[in-house]
Structures are given as structure tokens and as C-alpha cells.
Amino acid sequence: PVDRSPEVQEARLKLPVLAEEQVIMEAVRENPSIVICGETGSGKTTQVPQFLYEAGYASGGRMIGITEPRRVAAVSMSHRVAKEMNLPTQVVSYQIRYEGNVTSDTKIKFMTDGVLLKEIQKDFLLQKYSAIIIDEAHERSVYTDILIGLLSRIVPLRNKKGMPMKLLIMSATLRVEDFTENQRLFRTPPPVIKVDARQFPVTIHFNKRTPLEDYTGEAFHKTCKIHRMLPPGGILVFLTGQAEVHSLCRRLRKAFPFRKGDTLKMRKPKPQSQLFKKYILSTSSLPRIDLDNYSALPVDEGDEDREAGIGDEEDGDSDLDLGDDPADAEEKADASIPLYVLPLYSLLAPEQQAKVFRPPPPGTRLCVIATNVAETSLTIPGIKYVVDCGRVKKRFYDKVTGVSSFKVTWTSQASANQRAGRAGRTEPGHCYRLYSSAVFGDFALFSEAEITRRPVEDLVLQMKDLNIEKVVNFPFPTPPSTEVLVAAEQLLVSLGALEEPPCTGRLKDMQRAKLSCPITPLGRAMASFPVAPRYAKMLALGKQQDCLPYVIAVVAAMTVREIFEDLDRPARSEDESSKLNQRRARLTQMRRLWAGQGASLLLGDLMIMLGAVGACEFAGCTPRFCENSGLRYKAMVEIRKLRGQLTNAVNAVCPEVGVFVDPKMTPPTEHQVVCLRQIVLAGLGDHLARRAQGEDLVDPKWKNAYKTPLMDEPVFIHPNSALFKTLPEFVVYQEVMETSKMYMRGVSAVEAEWVP
Ligand code: ADP
Ligand code: MG
């Protein structure tokens with residue numbers, strides 16, 4: 001029996017999924033696998049694990065496992081469920097890449113999808129679990145897709161062995177045919193249970209004009225208007241990235257300042273403006289769109305707002321319901337109507353993230369500026385207004401060159417509708433789309449599955465380690481292209497993780513052989529490290545010259561995102577600009593120090609990373625040290641944990657090395673630096689670049705540029721790189737990022753005689 005508090009009881013009863021408990025549990029009992037669809041906020045993530053728990057699925061020493069594509073969700077949902085069930089975190093726990101609070105008493109375990117994939121490697125039958133819930137399946141993250149493929153095999157196996165396991169796939173959209181209608185996945189389609197979303201109607205307002213550049217500015221104006229003119233209710237703004245989120249937070253806080261002491265002062269009633277009155281009068285004639293049965297296409301092409309009669313001649317502005325007029329008095333600070341502005345994005349510290357779930361201080365209006373994380377994985381209470389920029393930042397990979405770039409593109413209609421839906425959870429709401437309905441009509445209907453958009457060498461290695469030799473035959477919900485699979489096998493062969501395919505026989509046989517290379521013992525060792533194959537290779541070579549502790553530190557630093565503060569970020573204000581220049585100079589100086597001199601300089605950017613990790617650990621990895629040194633604290637904490645984890649993994653594969661994490665690691669010797677550079681080359685051998693020379697230099701575009709085997713275009717060493725001044729003849733790089741130019745990141749120098 002679960003002992004829930006009265007408040008929790010009451011809140012639960014309001015969740016639509018609770019009405020379906022019987023139906024869901026009956027379907028679970030009668031079927032090995034089921035699919036549950038329900039709008040975001042209907043209670044799937046927090047309640048379904050509790051249903052299973054109460055039905056006894058956590059008894060007999062087995063657990064209920066729930067996978068999430070995002071770490072944020074795994075952590076925050078485990079806390080939420082623990083709280084709702086009145087159970088300690090030893091019982092309702094989470095595990096993410098290098099962190100968790102799982103104990104031997106854990107009954108409900110939230111984890112990222114990657115964590116469960118690793119567990120399948122250790123125990124293919126997942127015997128610790130009685131049920132697995134794959135959450136947010138609509139996001140189509142790579143690991144989620146793979147897990148569904150694997151579980152479609154594991155569940156029948158468990159049944160055959162007389163220790164049945166249940167699979168529950170949960171999606172926020174109704175588009176689940178890729179799972180249910182896929183004969184290779186499930187021969188008998190699993191039943192689909194739809195949770196009625198009890199979604200309130202959300203009125204969609206399209207912009208007349210679509211700002212092509214300054215949509216952050218547009219979001220600012222729209223938010224100001226909402227706050228000034230519209231009745232109480234939280235505002236949720238969707239932007240694409242962290243920098244945008246912060247810049248909008250700053251502008252809004254400046255426009256509607258809120259100080260802690262203000263909390264008790266009630267919001268002064270403001271005289272309703274003309275605009276407001278008109279707005280109220282006209283809302284009834286606005287199109288009402290019920291998101292439950294809401295066609296993907298807008299009701300009407302053209303400018304709905306005007307057609308719906310909010311237009312106003314007196315004003316000369318036909319887009320009065322918060323239209324696109326930038327030059328208002330909004331920039332003037334107005335402290336009489338404080339706005340409680342919070343950022344929300346995945347790299348944000350957890351304490352900061354948790355703030356969005358708490359009620360805003362009395363007398364203020366909550367305003368959350370978020371990236372995509374707020375689209376489906378987290379439900380923010382009390383949102384009545386959504387402002388949607390219509391865009392999303394995504395990483396793109398060039399299939400041939402591997403060059404990656406972050407690009408801001410239009411989102412899909414399905415995503416835009418998800419975003420709009422956030423406004424109708426507690427009462428009827430409004431969604432302001434900062435683009436025209438014509439532009440919306442051109443959006444793709446759905447976002448593509450991630451697996452079709454990125455390289456897959458890590459997956460291929462993991463699958464080979466699971467003895468799935470012919471990866472092409474794997475029951476992918478959406479299979480990656482053969483071209484991409486071949487490229488992955490080739491890279492793994494070159495890293496020594498797979499055996500060379502035979503070069504004899506007929507062409508067709510050779511083609512097939514390329515897609516079914518068996519795994520090598522080295523490949524198995526590499527698969528046991530929780531990093532991508534290139535980095536796993538570096539770890540596997542690290543034994544030489546006592547380099548292992550350095551290799552571990554460098555690999556940890558290379559695989560954690562964004563460890564350094566961006567020195568090129570623009571100043572946030574006039575007065576900040578001179579301070580920022582000083583800071584830049586100081587941080588540049590510090591990075592130069594970390595890069596070392598002479599021999600160590602040739603390890604380049606990786607030496608800076610090693611220096612940063614060493615210095616940070618030496619200083620005890622404190623937030624203060626990180627702030628002063630231009631390091632992202634959360635990243636440094638991740639690196640610290642990852643070092644511990646990699647150290648354990650290496651010791652497990654190779655106990656005789658007895659490696660340990662030394663908090664007072666001394667810098668590597670000259671010999672060791674040479675050795676480290678060779679190890680790095682072994683992992684990044686296909687990312688070799690040579691300085692442009694000879695006739696190329698006639699063309700000015702090749703000045704100081706590098707040539708790579710795969711690209712025709714020049715690539716460059718970034719001015720912030722340790723090797724910007726040295727410009728060695730040969731370098732290897734971690735990746736090429738296309739920003740203002742094609743820049744190599746994570747550059748290290750290679751000697752000509754090492755180059756094969
Ligand atoms: P779904 O998975 O269907 O999107 P959830 O189970 O995540 O729905 O959310 C159900 C409800 O629980 C939502 O109304 C949400 O606001 C609330 N909720 C979730 N997490 C928290 C939290 N940390 N604090 C307060 N309320 C929360
Ligand atoms: Mg959920």
C-alpha cells in the first residue's frame with residue numbers, strides 16, 4: 001500500500017491517466033507489450049510506474065524500470081514520484097550516465113535510455129526488471145528506438161523462460177505506427193491505449209509577419225504585451241538555445257523588475273487599456289482549436305487574427321492582439337507589475353530547473369523562457385500563454401564528411417502543436433506563434449527519427465557486442481540508411497574493433513561482408529567503456545608509458561559538452577563590455593598557462609583540457625574556482641564523475657593496471673605527451689588535416705587553412721585554439737564545426753612520420 005499525502009491524492013485525481021488505470025493494468029496483464037498515448041501533462045510518467053508498483057510489479061525482488069531520453073526528466077521525475085509515493089530515494093531512484101542514487105532497495109528506477117542499453121549488454125534478459133517503460137517514445141531518440149527493437153526480442157524470450165516481463169511504450173502523440181504497424185518489431189501489434197487528455201482549448205494566434213532574424217526580439221515584445229494586457233496566468237516562451245534564453249531573461253527582468261523584497265506587495269490593479277478591453281471583447285470570435293482533435297493544418301490560410309475580427313482601424317494596426325509592433329514603451333522599466341522570469345534548458349543546474357515547478361512569489365506572474373525541454377518532457381504548472389518562435393536548434397551531420405553544425409531550423413507541425421498544448425493544461429489558454437500560418441503550413445508534419453540523422457558507429461559497436469552481427473537485419477523502428485551503416489562498420493574496422501571484411505568473392509558477397517564484420521576482442525573491451533568508439537580506442541591504448549590517468553582525464557574532458565566558457569560571447573550590456581574584455585584577457589592567459597610550453601604545447605587543445613581538469617581537481621572542483629577560471633561547473637562535475645567511472649571500467653577490463661584517480665595529478669612528462677599525441681591519433685586517425693601548401697596557396701581562401709581527405713573546402717584552426725599561432729603541418733581534430741567558417745575543434749599536432 002502506498003501512503004500518499006492528501007494534497008498528492010487530490011492532485012493525482014485530476015490527472016486524466018488515473019481514469020484509465022483499470023484499462024491500462026488489464027492490458028498489461030493480458031499482453032506482453034502495450035502502447036500508451038496521452039498528451040503531455042496527462043500523468044503518464046509520474047503515474048504509470050505507480051500503477052505497476054501497486055499492482056505488485058516491484059515485488060519478488062524485481063524492479064520497474066523507466067527510460068527517458070533526457071537526463072533532466074530522469075532526475076526530476078524520480079524525485080517527483082518518490083515524493084508522491086512518500087518513499088525515500090533509495091526506493092524510487094534514478095541513474096544517468098555517471099550519477100545516480102540506486103540502492104539494493106530500489107523498486108522504481110528512472111534512467112536515461114543509454115543506461116538501459118548498457119545494462120542489456122551486461123544481462124541481455126534484464127532479469128532485474130519485471131517491467132520496462134519506454135517513455136517519450138515519440139521523441140524517437142536513437143537509444144529509445146534501439147531499445148524498442150531489443151525489447152521486442154527480450155520480452156518473448158523472458159516469457160519463454162517462464163519469467164515474464166512487461167513492456168510499456170509511452171508516447172505524447174498518437175503517431176505510433178512505426179512501432180505498432182512494424183511487423184519486424186511486433187508480429188502481433190500491441191494494443192494502443194489512448195488517454196483522454198482533458199485538454200482545454202488553446203486559441204492559436206499566428207503572426208502576420210514572420211520575423212526572419214530577430215525572433216528573440218519579437219518574443220520579447222509579445223511577452224511584454226501579454227504581461228501588460230492579459231489576465232493572470234503563466235507565460236512559457238520557446239526559444240532555441242541557452243544564449244537566447246539568457247538574453248531574453250535579462251531583457252524581461254529589466255523591463256519588469258522583481259526584487260525578492262517585493263513579494264508581499266500585491267500587484268497594483270492597472271487601468272485596463274483600450275487594447276485590453278478590445279481584446280476581451282473579441283476573444284469569443286477567435287478560432288478555438290481543441291488540441292484533442294485538432295487537424296495538423298491551420299483552419300484558415302492567411303492572417304487569422306485579422307479575419308477573426310481583432311483588427312482595428314483607429315489604431316492603424318490590424319494585428320492588435322499583441323501584434324508585431326516593436327517600438328513601444330516596453331523598454332522602460334515598470335516595477336509595478338513584477339514578472340518572475342526563469343530560464344529552463346537542459347544544461348541548467350538542477351536546483352535552478354526545479355524552480356519552475358514551484359509557485360511564483362505572490363503578486364508576480366511566472367514567465368519561463370525555455371528550449372525544447374519544455375515541449376514534452378517537463379510539464380510546468382499554471383501556464384496559460386505560450387509564445388512559440390517556431391524554431392528548434394538541431395545538430396546536423398554531413399553524411400560524407402562527418403562535419404557537424406548546429407542549425408536553427410523550423411520545427412515540425414507536431415512539435416508546434418505540442419508547444420501550443422502547454423497553454424491548455426489548467427484552463428483555456430493562448431498560443432502566440434511568431435510566424436504566419438502560411439509558414440506553419442510549410443513545416444514538416446513530424447520531426448524525423450534521430451537515428452536517420454546522425455552517425456551510428458557507437459550503436460553498431462554496441463550491437464555487435466550484443467552478438468548482433470548483421471546490424472542491417474536489426475528490427476529498427478526506422479532503419480538508418482545502408483550507406484550510414486557501412487560507414488560505421490568501416491570506421492570500427494579501422495579502429496580495430498571489428499575484423500576486416502574479406503576482400504575476395506563476388507562483389508555482392510563483399511558488400512554483404514562489409515555489413516557483417518565480427519567483433520574483435522579489442523572491440524569487446526571498447527564496447528565496455530561508456531564513451532564513443534574513438535575515445536574507447538584511446539582508453540584501450542592508454543596503458544603505455546603510464547599514460548592511462550591522462551588518457552582518462554582527456555577522454556572525460558573530450559566527451560563532456562561545453563566545458564569552457566565561450567570567450568566570444570557578446571557583452572550583455574554596455575557596462576559589461578569593459579569588464580568582459582578584462583575577463584577574456586585573463587581567461588585567455590589562464591588557458592595559455594594550461595596549454596603549457598614546448599613539447600606539451602603540441603598536444604594543443606587537449607592539453608588545455610588536461611590542464612583545466614588537473615587544476616580544477618587540485619582546487620577541489622568548487623563552483624568558485626570554475627567561475628573564476630571560465631569553466632562550466634556542471635561540466636567539471638560531470639568530468640569528475642566520468643573519470644571515476646572510466647577508471648573503474650578500465651580496471652575491470654584490465655585489473656593489472658591498477659589505475660586510480662589522483663586529485664593531485666602532475667602534468668605529463670615530455671615523453672608522455674608524445675605518447676598521448678600518438679594515442680589521440682589512433683582514435684582520431686580519420687580526422688587528420690594537413691596544412692595547405694604549394695599551388696593551393698595562390699588562392700587566398702587557403703591562407704592558414706588545412707586540407708582534409710573528405711572535404712574540398714578549407715578548414716581552420718580557431719583563434720582560441722592553443723595551436724592557432726603554431727599552425728603545425730599535420731593535426732588531428734575532434735570535429736569540424738561550421739560556424740562563421742569551418743573550424744576544427746579539439747586540435748592536437750601530429751608528427752609527419754606518424755602519418756600512415
Ligand atoms: P506526462 O508524462 O503525461 O506528460 P507527467 O506525469 O509528467 O505527465 O505530469 C503529470 C503532472 O504532474 C503535471 O500536471 C505536472 O505539472 C505535475 N508534475 C510533474 N513533475 C512535477 C514536479 N516536480 N513538481 C510539481 N508537479 C509536477
Ligand atoms: Mg512524461
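Counting starts at 1 for both ligands and their atoms, in listed order. Atom set for the values below is all heavy atoms of this structure, side chains included, hydrogens, waters and symmetry mates excluded.
Shown here, atom 21 (C) of ligand 1 is in close reach of the protein: a heavy atom of it lies under 4.0 Å off.
T46 OG1, 2.6 Å is the protein heavy atom nearest to atom 6 (O) of ligand 1. Among protein heavy atoms, atom 15 (C) of ligand 1 sits closest to T379 CB, 3.7 Å. Nearest protein heavy-atom contact of atom 25 (C) of ligand 1 is R80 NH1, 3.2 Å. Regarding atom 7 (O) of ligand 1, its nearest protein heavy-atom neighbour is M77 CE, 3.7 Å.
Using a 4.0 angstrom heavy-atom cutoff, H79 does not count as in contact with ligand 1.
For ligand 1, the atoms sitting less than 4.0 Å from at least one non-hydrogen atom of G43 are 1 (P), 3 (O), 5 (P), 6 (O), 8 (O), 10 (C), numbered in the order shown with element in parentheses. Residue E39 approaches ligand 1 through these ligand atoms, each under 4.0 Å from one of its heavy atoms: 3 (O). Which parts of ligand 1 touch T40 is read off a 4.0 Å heavy-atom cut-off, strictly below it: atoms 4 (O). Residue-ligand proximity, L15 to ligand 1, at heavy-atom distances under 4.0 Å covers atoms 10 (C), 11 (C).
Protein atoms of type N, O or S found under 2.8 Å from the Mg ion (ligand 2) total 1.
Taking the six-membered ring for Trp and thresholds of 30 and 60 degrees, F443 and Y435 have ring planes inclined between 30 and 60 degrees apart.
I148 CD1 to L167 CG: the interatomic distance, rounded to the nearest 0.5 Å, is 7.0 Å.
Geometric assessment of K407 against the ring of F396 yields a positive cation-pi assignment under the 6.0 Å and 45° thresholds. For R253 and F258, the positive end is not near the middle of the six-membered ring at less than 6.0 Å and at most 45° from its axis.
When only modelled atom types and interatomic distance are considered, R71 and S346 share no side-chain donor-acceptor pair under 3.5 Å. If you check the side chains of Y129 and E119, you find a donor sitting under 3.5 Å from an acceptor. Between the side chains of E68 and Y94, no donor N or O sits under 3.5 Å from an acceptor N or O.
Within the structure, no pair that satisfies the salt bridge (charged side-chain N to carboxylate O under 4.0 Å, His left out) test touches residues 230-242, not counting sequence neighbours.
Applying the side-chain hydrogen bond (donor to acceptor under 3.5 Å, both in side chains) criterion to E84, with sequence neighbours excluded, gives Q47, Q50, R80.
The shortest N/O to N/O separation between D135 and ligand 1 does not fall below 3.5 Å. The distance criterion of under 3.5 Å between nitrogen or oxygen atoms is met by T45 with respect to ligand 1. Residue-to-ligand polar distances keep S76 apart from ligand 1: every N/O pair is separated by 3.5 Å or more.
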Checklist line | Candidate pair R365 and H227, rule side chain to side chain donor-acceptor pair (under 3.5 Å), full reasoning | finding: CA-CA 8 Å; R365 185 203 288 267; H227 184 46; 2.8 Å; yes
Name each donor-acceptor pair under 3.5 Å that joins a side chain in residues 53-63 to protein atoms two or more places apart or in another chain, with its distance.
{"residue": "E54", "atom": "OE1", "partner": "R4", "partner atom": "NH2", "Å": "2.9"}
{"residue": "S59", "atom": "OG", "partner": "G56", "partner atom": "O", "Å": "2.7"}
{"residue": "R62", "atom": "NH1", "partner": "Q127", "partner atom": "O", "Å": "2.7"}

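Between F206 and F440, the distance from one ring center to the other falls under 6.0 angstrom.
The side chain to side chain contact (heavy atoms under 4.5 Å, CB included) test with V392 singles out one residue from L239, N372, T371, and that residue is N372.
Considering each of P381, G41, A73, the one bringing a non-hydrogen atom nearest atom 1 (P) of ligand 1 is G41.
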